[in-house]
Amino acid sequence: MGRSIPEITLNDGVTLPVIGLGTYKLNGNAGAQAINSAIDTGYRLIDTAYNYENEGTVGEAVRRSSIPREELRITSKLPGRYQEYDKAVTAIQESLYRANLDYYDLYLIHWPNPKQGLYVEAWQALIDAKKWGLIRSIGVCNFLPEHMERLEKETGVKPSINQIELHPFFNQEQQRIWHEENNVKTESWSPLARANDVLQNETISKIADHHNKTISQVILRWHYQLGSISIPKSSSPERQIENLSIFDFSLDESEMGMIAELTRPDGRIKDLDPATYEEF
């Protein structure tokens with residue numbers, strides 16, 4: 001796929017490249033140009049969400065691209081305010097209309113919103129939308145193991161993927177172990193962390209110098225070696241190319257260990273804890 005990006009196979013047989021493009025705040029014509037540039041560069045996995053209000057932009061970039069639709073993997077996400085079953089079904093249809101697509105390759109519940117207690121209903125809507133051919137693979141974002149266990153217990157279907165906050169300052173080791181044991185793939189949002197402090201980090205800087213790579217490339221390589229799919233956002237063609245250029249070097253165990261030690265209990269970027277945070 002694209003620049004020969006390795007792929008992983010989800011528990012339902014759908015394949016995804018190990019690195020994709022995040023599109024938060026890529027909107028309008030400039031956004032469509034940036035996404036189209038990424039597709040030209042070799043990206044095949046494009047991540048959007050209902051709440052990013054740019055599903056139309058992603059769809060426009062897909063239409064402008066010379067790459068066949070079936071070679072792309074387009075992801076979107078259901079917002080919290082539409083977790084009731086009927087509302088979820090309508091929102092999925094609306095998501096597709098906005099993008100002018102026939103199907104999404106991956107559709108996720110954006111947050112569990114446990115206080116609302118509706119995420120199982122929402123999951124049933126995703127299961128049905130998959131049966132109707134609107135979605136190829138269904139997953140979740142920001143779900144804790146207890147939430148995913150409940151989904152499987154009540155519907156018999158487990159998510160193919162869980163997209164979680166994951167970066168060097170918050171490496172989610174226990175959650176990743178659970179994913180591995182339960183055949184749920186990990187996808188990292190904000191893989192480079194949003195704060196500039198990661199780009200000034202001395203530990204990662206030394207590793208980058210050693211490999212003659214950038215700090216971003218080292219971090220994305222780290223995600224890859226953890227077995228996680230990363231979706232860095234960039235509108236710059238140069239940075240898009242840089243972010244894909246991580247398959248010609250590898251980190252050794254001691255370097256992986258040095259990065260692992262950077263994690264912090266309070267490492268979340270905005271303190272968005274899925275046990276309590278509600279997104280609508």
Side-chain angles (χ1 to χ4, degrees), residues 1-8 10 14-79 91-108 110 133-137 139 141 161 163 187-192 194 199 214 216-217 219-221 223-224 228-248:
M1 256 192 188
R3 300 177 144 241
S4 66
I5 304 170
E7 292 182 345
I8 58 169
L10 305 180
V14 170
T15 57
L16 294 180
V18 297
I19 188 164
L21 182 78
T23 67
Y24 181 59
K25 294 198 169 163
L26 296 181
N27 295 70
N29 186 54
Q33 284 178 326
I35 297 162
N36 194 228
S37 140
I39 295 171
D40 286 347
T41 298
Y43 287 83
R44 295 295 177 263
L45 172 62
I46 311 292
D47 179 90
T48 180
Y50 198 107
N51 272 353
Y52 298 173
E53 298 190 344
N54 69 350
E55 291 167 317
T57 298
V58 169
E60 177 62 20
V62 169
R63 277 186 297 287
R64 290 181 188 182
S65 166
S66 58
I67 300 300
R69 167 69 184 95
E70 61 272 15
E71 288 185 24
L72 300 172
R73 301 287 180 268
I74 313 294
T75 305
S76 196
K77 311 181 193 87
L78 179 77
I92 293 164
Q93 294 165 340
E94 182 65 32
S95 259
L96 287 166
Y97 297 157
R98 289 176 174 197
N100 197 12
L101 295 173
D102 295 328
Y103 65 92
Y104 280 107
D105 298 277
L106 185 62
Y107 204 83
L108 314 174
H110 210 151
L134 303 180
I135 306 168
R136 291 183 62 222
S137 186
C141 296
I161 207 165
Q163 187 186 114
E187 190 171 34
S188 314
W189 62 259
S190 285
L192 301 172
R194 287 201 187 117
L199 297 175
T214 66
S216 297
Q217 286 171 323
I219 295 171
L220 294 172
R221 178 73 199 188
H223 284 278
Y224 172 57
S228 179
I229 298 169
S230 57
I231 42 170
K233 185 191 94 172
S234 178
S235 55
S236 138
E238 295 75 27
R239 185 61 58 78
Q240 290 171 351
I241 291 168
E242 178 190 309
N243 288 347
L244 283 192
S245 306
I246 61 164
F247 302 110
D248 57 354

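Only this structure's heavy atoms are used, side chains among them; waters, hydrogens and symmetry mates stay out. Please read all numbers here as calculations on a predicted model, not as lab measurements. Counting begins at 1 with the first residue of the sequence.
Counting only heavy atoms from C-beta outward, the side chains of Glu7 and Arg44 never approach each other to under 4.5 Å.
Taking a 6.0 Å sphere around CD of Gln93, one finds it holds more than 12 heavy atoms contributed by other residues, nucleotides or ligands. Annotation: Arg136, atom CZ; neighbour count of heavy atoms from other residues, nucleotides and ligands within 6.0 Å is above 12.
Arg73 contributes a side-chain N or O that, together with a main-chain N or O of Thr15, makes up a donor-acceptor pair within less than 3.5 Å. Here the side chain of Gln217 pairs a donor or acceptor atom with the backbone of Glu242 at under 3.5 angstrom. At distances below 3.5 Å, at least one donor-acceptor pair connects side-chain atoms of Arg63 with backbone N or O atoms of Gly59. A donor-acceptor pair under 3.5 Å is absent between the side-chain atoms of Ser230 and the main chain of Pro232, judged by distance alone.
Across all their heavy atoms, Ala91 and Leu78 have their closest contact at CB-CD1, 3.6 Å. In plain terms, the two heavy atoms of Ile246 and Asn243 that are nearest each other are CG2-O, 3.7 Å. Shortest non-hydrogen contact noted between Ile229 and Pro17 is CG2-O, 3.7 Å. Nearest heavy atoms, Ala61 versus Ile39: O-CD1, 4.2 Å. Residues Ser216 and Leu192 approach most closely at O-CD2, 3.7 Å, considering heavy atoms. The shortest non-hydrogen separation linking Leu72 to Tyr43 is CD2-O, 4.3 Å.
Listed by first then second residue, pairs satisfying side chain to side chain donor-acceptor pair (under 3.5 Å) with a partner in residues 26-35 read Asn29-Arg64, not counting sequence neighbours.
Asn36 is linked by a side-chain hydrogen bond (donor to acceptor under 3.5 Å, both in side chains) to nothing, counting only residues two or more places apart in sequence or in another chain. Residues satisfying the side-chain hydrogen bond (donor to acceptor under 3.5 Å, both in side chains) criterion with Asn54, sequence neighbours excluded, are Thr23, Thr48. Judged as a side-chain hydrogen bond (donor to acceptor under 3.5 Å, both in side chains), and not counting sequence neighbours, the contacts of Ser37 are Gln240. The side-chain hydrogen bond (donor to acceptor under 3.5 Å, both in side chains) check on Ser188 picks up His223, Ser228, with sequence neighbours excluded.
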Practice task
Determine, step by step, whether Ile161 and Leu16 satisfy the side-chain contact (heavy atoms from CB on, under 4.5 Å) criterion, reporting the C-alpha distance in whole Å, the side-chain angles of both residues, the deciding distance to 0.1 Å, and the verdict.
Solution key: CA-CA 11 Å; Ile161 207 165; Leu16 294 180; 3.7 Å; yes

Problem - Test log, rule salt bridge (Lys or Arg N to Asp or Glu O under 4.0 Å), inputs Lys77 and Asp47 - result: CA-CA 9 Å; Lys77 311 181 193 87; Asp47 179 90; 2.7 Å; yes

Problem - Arg221/Asp248 under salt bridge (Lys or Arg N to Asp or Glu O under 4.0 Å): CA gap, chis, key distance, verdict - result: CA-CA 10 Å; Arg221 178 73 199 188; Asp248 57 354; over 6 Å; no

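Distance check: Trp189 CH2 to Leu108 CG gives 13.5 Å after rounding to the nearest 0.5 Å. Residue Ser137 holds its OG atom at 9.0 Å from CG of Asp105, rounded to the nearest 0.5 Å.
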Can you give me every donor-acceptor pair (side chain of residues 97-104, partner residue at least two apart or in another chain, under 3.5 Å) with its distance?
unit_1, atom_1, unit_2, atom_2, d
Arg98, NH1, Tyr50, O, 3.4
Arg98, NH2, Tyr50, OH, 3.3
Tyr104, OH, Ser95, O, 2.9

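Applying the side chain to side chain contact (heavy atoms under 4.5 Å, CB included) test between Leu21 and each of Ile35, Thr41, Val58, Leu45 identifies Ile35 as the sole match. Screening Ile46, Thr57, Ile74, Ile67 against Val62 for a side chain to side chain contact (heavy atoms under 4.5 Å, CB included) leaves a single residue, Ile74.
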